[in-house]
Amino acid sequence: MPHVFDDSVRTAVLGHMNDDHRDDNVLIGRAFGPFGDVIASQMVTFDGDAGQWHVITAEGAEEVIRVPWPGGPITERPEVRREIVALYDAACARLGLEPRPH
């Protein structure tokens, strides 16, 4: 069973991702979802095994995708940032984009 982060951690991470990293969410959605033409993506939840994003395409298709953490299961708040950054870097690599410095 995956680790469940408390509500305050989830609220803080989701708020930060959806307010400050909208473009990163779109890249993750494009790279790891079933659609290449994602125009909007919002991180909706996460646990110790993966993050989940609600993605929308230019044609209006919608899907919730679950993307496992690259480094494997996590249990601590600082690990969430590390894994989201790793997902962003992996998304850039899959899409042939240069990631920005962290």
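In this structure, CZ on Phe46 lies 7.5 Å from CD1 on Ile74, to the nearest 0.5 angstrom. The distance from the NE2 atom of His54 to the OG1 atom of Thr45 is 14.0 Å, given to the nearest 0.5 Å.
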Take Arg10 and Val4 through the side-chain contact (heavy atoms from CB on, under 4.5 Å) test and state the conclusion after the steps. CA-CA 9 Å; Arg10 283 196 315 272; Val4 176; 3.8 Å; yes
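Aromatic ring centres of Tyr88 and His102: separated by under 6.0 Å.
A salt bridge does not link Asp89 to Arg100: none of the charged side-chain nitrogens sits closer than 4.0 Å to a carboxylate oxygen.
At least one side-chain heavy atom of Val13 sits under 4.5 Å from a side-chain heavy atom of Ile84. At least one side-chain heavy atom of Pro70 sits less than 4.5 Å from a side-chain heavy atom of Glu83. At least one side-chain heavy atom of Val85 sits less than 4.5 Å from a side-chain heavy atom of Arg81. Side-chain contact check for Ile28 versus Ser41: every heavy-atom pair is 4.5 Å or farther apart. Looking at Val55 and Gln42, their side chains never come closer than 4.5 Å, going by heavy atoms from C-beta outward. Inter-residue side-chain proximity for Val80 and Phe5 is flagged as met; some heavy-atom pair is nearer than 4.5 Å.
Listed for the Trp69 side chain is a donor-acceptor partner under 3.5 Å among the backbone atoms of Asp47. Proximity of a side-chain donor or acceptor of Arg30 to a complementary backbone N or O of Val38 within less than 3.5 Å is detected. For the pair His3 (side chain) and Thr75 (backbone), a donor-acceptor distance under 3.5 Å is present. Looking only at distances, no side-chain donor or acceptor of Gln52 sits under 3.5 Å from a matching main-chain atom of Val67. In this structure, Asn25 contributes its side chain and Met17 its backbone to a donor-acceptor pair below 3.5 Å.
The minimum heavy-atom distance between Pro2 and Gly48, with the atom names listed, is CB-N, 4.2 Å. Between Ala31 and Arg94, the shortest heavy-atom distance links the atoms O-NH1, 3.1 Å. Residues Glu76 and Glu79 come closest through the heavy atom pair N-OE1, 2.7 Å. What you find for Gly51 and Met43 is that their closest heavy atoms are CA-CE, 4.2 Å. Phe32 approaches Ala90 most closely through the heavy-atom pair CZ-CB, 3.8 Å.
Between His21 and His16, the two ring planes are perpendicular [angle over 60°; tilted spans 30° to 60°].
Remark: Glu59 CD is loosely packed, at most 12 non-hydrogen atoms of other residues, nucleotides or ligands lying under 6.0 Å away.
Placement of Leu87 and Phe35 within a single hydrophobic cluster is found when ILVMFWY residues are connected by side-chain heavy-atom separations under 4.5 Å, directly or transitively. Residues Leu14 and Leu27 are members of separate hydrophobic clusters, defined by side-chain heavy-atom contacts under 4.5 angstrom among Ile, Leu, Val, Met, Phe, Trp and Tyr.
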